[in-house]
Asker: 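Below: one structure in structure tokens.
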Number of protein chains: 2
Amino acid sequence: MISSRQPDPTTGSPAPPHAAPPSAPPPGPTPRGAAFLLAQIGAHAAGRFAERVGELGLTPADVGLLRMIAGQPGRSQRSLAQDLGVVPSRIVALIDGLEGKGLVERRRSAEDRRNHELHLTDEGRRTLGAVSGAAAAHEDALLAGLDPAQRAQLLELLERVAAEQELTPGVHPGYRTLNKPPRGRG
Amino acid sequence: MISSRQPDPTTGSPAPPHAAPPSAPPPGPTPRGAAFLLAQIGAHAAGRFAERVGELGLTPADVGLLRMIAGQPGRSQRSLAQDLGVVPSRIVALIDGLEGKGLVERRRSAEDRRNHELHLTDEGRRTLGAVSGAAAAHEDALLAGLDPAQRAQLLELLERVAAEQELTPGVHPGYRTLNKPPRGRG
DNA sequence: TATTGTTATACTCTATAACTATA
DNA sequence: TATAGTTATAGAGTATAACAATA
């Protein structure tokens, strides 16, 4: 709600390194709990990930779509929209973009000619491979402050929280305006 | 970029309990690392927090502003905008809202009559107290799956990550469209 | 002339609804 | 008549730029 890459009054956490951060914590009562840190770090992680895939010419939303198509080739736009909880018209624009980049192919279904079956192109598969590399680098950079044992510990705790909160594995709510990755260090 | 409260292709994490979640994980390669979980849980936490303060008639951005004004009463809108990395005109609308609710007061500065000194009203202080209560309940609900020792462990690991990533304590990047809390269970 | 707060304008993004083609 | 995909329209939100008051 506030700016594109600046700190946010909501939680009050720091700006990502690529922005010009206020560097000094705001005076007064600053939130200190794990919930705040999770929101803060989570937003930071999402932003950094957006930067990385941005260098591949993709938005986080693009990545999600590519993954879903890869996992279930030939699926229709409708089913995609449903799984994502998105309005079908939204899918049109997203697929348009991916098709324009040569990563995805629309094929008229022979069984029901109203349907478009979605498939990755070879280029799409290559790109998805590059995304995996970016994701690994992202993970490593984010957890640079932790040793392997601590990383395992963190992962376990997070999985516990996610399970208790009934978060569906692999589905990320709200990426609102993250789609436009900041030009920061890309 | 996708929907208001539905799962997101970006990371692919689950929808919050108040939405109608796809409940089944998408087939194919789902991200499993700590970075993804942090983004997923972070977005979930931010959404739930927005719901809670929404019941108090506030957006997360409102809460951030109230905190900053409480921490440094009398500060100008300009300084607020700078600390938040927000354009000054944005502050106008936010303060308008808070003033309209009777939580904040604008006072012309005697020293420099161009400035508006911002102060909390008594009602504003009461509301901020209620926010603290909501934040505590939020924290507790979010970590319901962890025992006290695990919570302490998680907190320490998160602080380590935040420090290494140079996240400014108390400042949260990007709350994009979170300002409108879902009407879900409020 | 520079600065604070404000207002007006333009732009971006998304959802809703209307439309075409298939069934 | 119902459904898949598409296009057109409208609404919400934000930043940019112009403006008035004060310094």
Side-chain angles (χ1 to χ4, degrees), chain A residues 1-10 19 50 59-62 65 74-100 104-118 173-183, chain B residues 1-6 8-10 19 50 59-62 65 69 74-100 104-118 173-183:
Chain A
M1 227 69 169
I2 285 277
S3 104
S4 35
R5 73 188 67 168
Q6 292 286 12
D8 172 335
T10 293
T59 68
D62 289 335
L65 282 187
R75 65 186 306 175
S76 72
Q77 301 183 190
R78 207 79 180 187
S79 92
L80 219 50
Q82 196 149 31
D83 270 25
L84 293 173
V86 180
V87 76
S89 64
R90 186 95 195 74
I91 301 288
V92 176
L94 287 169
I95 299 293
D96 280 352
L98 292 174
E99 198 174 30
V104 165
E105 212 179 2
R106 281 176 168 109
R107 301 187 198 153
R108 276 287 172 204
S109 166
E111 298 169 345
D112 184 338
R113 296 180 43 74
R114 291 173 301 182
N115 278 276
H116 274 154
E117 296 174 351
L118 300 176
Y175 40 110
R176 312 138 236 284
T177 310
L178 283 181
N179 289 10
K180 278 202 254 177
R183 296 298 225 54
Chain B
M1 228 73 176
I2 284 281
S3 104
S4 35
R5 73 189 65 169
Q6 292 286 14
D8 171 336
T10 292
T59 67
D62 289 336
L65 282 187
I69 295 171
R75 64 186 307 175
S76 72
Q77 300 183 191
R78 207 77 179 189
S79 94
L80 218 52
Q82 196 148 33
D83 269 24
L84 293 173
V86 180
V87 76
S89 64
R90 187 93 193 74
I91 300 289
V92 175
L94 288 169
I95 298 293
D96 280 351
L98 293 173
E99 198 175 30
V104 164
E105 212 181 2
R106 281 175 167 111
R107 302 186 198 151
R108 275 287 172 202
S109 166
E111 298 170 343
D112 184 337
R113 296 179 44 75
R114 291 173 301 184
N115 277 275
H116 273 155
E117 294 174 353
L118 301 176
Y175 40 111
R176 310 139 237 288
T177 310
L178 285 180
N179 289 8
K180 278 200 254 181
R183 295 300 225 51

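Each chain gets a letter, A, B and so on, in the order its sequence line appears, and its residues count up from 1.
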Asker: Hey, is the side chain of A:N115 poking within less than 4.0 Å of OP1 or OP2 on D:dT3, counting only N and O atoms?
Answerer: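 No, A:N115 has no side-chain N/O under 4.0 Å of OP1/OP2 on D:dT3.
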Asker: Using the side chain to side chain contact (heavy atoms under 4.5 Å, CB included) rule, take B:L94 and B:Q77 through it: C-alpha gap first, then chi angles, then the decisive distance, then the call.
Answerer: CA-CA 10 Å; B:L94 288 169; B:Q77 300 183 191; over 6 Å; no
Asker: Between P on C:dC13 and CZ on A:R90, what's the gap in Å once rounded to a whole number?
Answerer: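 So the CZ-P distance, A:R90 to C:dC13, works out to 9 Å.
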Asker: Taking salt bridge (charged side-chain N to carboxylate O under 4.0 Å, His left out) as the test, write out the residues that go with B:R113, two or more places apart.
Answerer: none
Asker: Considering every strand and a 4.0 Å limit on heavy-atom distances, what is the contact class for B:R113: base, sugar-phosphate, or nothing?
Answerer: sugar-phosphate
Asker: Assess whether side chain to side chain contact (heavy atoms under 4.5 Å, CB included) is satisfied between A:L118 and A:E99, documenting all intermediate values.
Answerer: CA-CA 10 Å; A:L118 300 176; A:E99 198 174 30; over 6 Å; no
Asker: Just to confirm, is there a sub-4.0 Å distance from OP1 or OP2 of C:dT6 to any side-chain nitrogen or oxygen of B:R106?
Answerer: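 Yes, B:R106 has a side-chain N/O under 4.0 Å of OP1/OP2 on C:dT6.
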Asker: Rounded to whole Å, please give me the gap between CD in B:E117 and P in C:dG5.
Answerer: 10 Å
Asker: Would you kindly give the CD1-to-P distance between B:I95 and C:dT7, to the nearest whole Å?
Answerer: 14 Å
Asker: Figure out the CG/C1' separation between B:D112 and C:dA2, and round it to whole Å.
Answerer: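 So the CG-C1' distance, B:D112 to C:dA2, works out to 11 Å.
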Asker: Grab the two heavy atoms, one from B:A81 and one from B:P88, that are nearest each other, plus how far apart they are.
Answerer: CB-CA, 3.8 Å
Asker: Let me confirm one number: the CG-CZ distance from B:L98 to B:R106, rounded to the nearest 0.5 Å.
Answerer: 9.5 Å
Asker: I would like to know whether B:E117 and B:R75 meet side chain to side chain contact (heavy atoms under 4.5 Å, CB included); could you show each step before the answer?
Answerer: CA-CA 5 Å; B:E117 294 174 353; B:R75 64 186 307 175; over 6 Å; no
Asker: Please list, for nucleotides 17-21 of chain D, all pairs of protein and nucleotide N/O atoms separated by less than 3.5 Å.
Answerer:
none

Asker: To the nearest 0.5 Å, tell me how far A:I91 CD1 sits from A:D96 CG.
Answerer: 11.0 Å
Asker: Distance check needed: D:dT7 C1' versus A:L94 CG, whole Å only.
Answerer: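 From A:L94 CG to D:dT7 C1': 16 Å.
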Asker: In whole angstroms, how far is the C1' atom of D:dA15 from the CG atom of B:L84?
Answerer: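 In whole Å, D:dA15 C1' lies 16 Å from B:L84 CG.
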Asker: Rounded off to whole Å, could you give me the CZ-to-C1' distance for the A:R108 and C:dA21 pair?
Answerer: 7 Å
Asker: Where the side chain of B:V87 is defined as all heavy atoms beyond and including C-beta, which of C:dT16, D:dG5, D:dA15 is the nearest nucleotide?
Answerer: D:dA15
Asker: How far apart are the C-alpha atoms of A:V104 and A:L65, what are their side-chain angles, what is the distance that settles it, and do they pass the side chain to side chain contact (heavy atoms under 4.5 Å, CB included) test?
Answerer: CA-CA 10 Å; A:V104 165; A:L65 282 187; over 6 Å; no
Asker: Kindly calculate the angle separating the two end axes of the helix from C:dT1-D:dA23 to C:dA23-D:dT1, each obtained from five base pairs, and round it to 10 degrees.
Answerer: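 Computed angle between terminal axes is 30°.
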Asker: Atom CZ of A:R107 to atom P of D:dG5: distance rounded to whole Å?
Answerer: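 Result: 15 Å.
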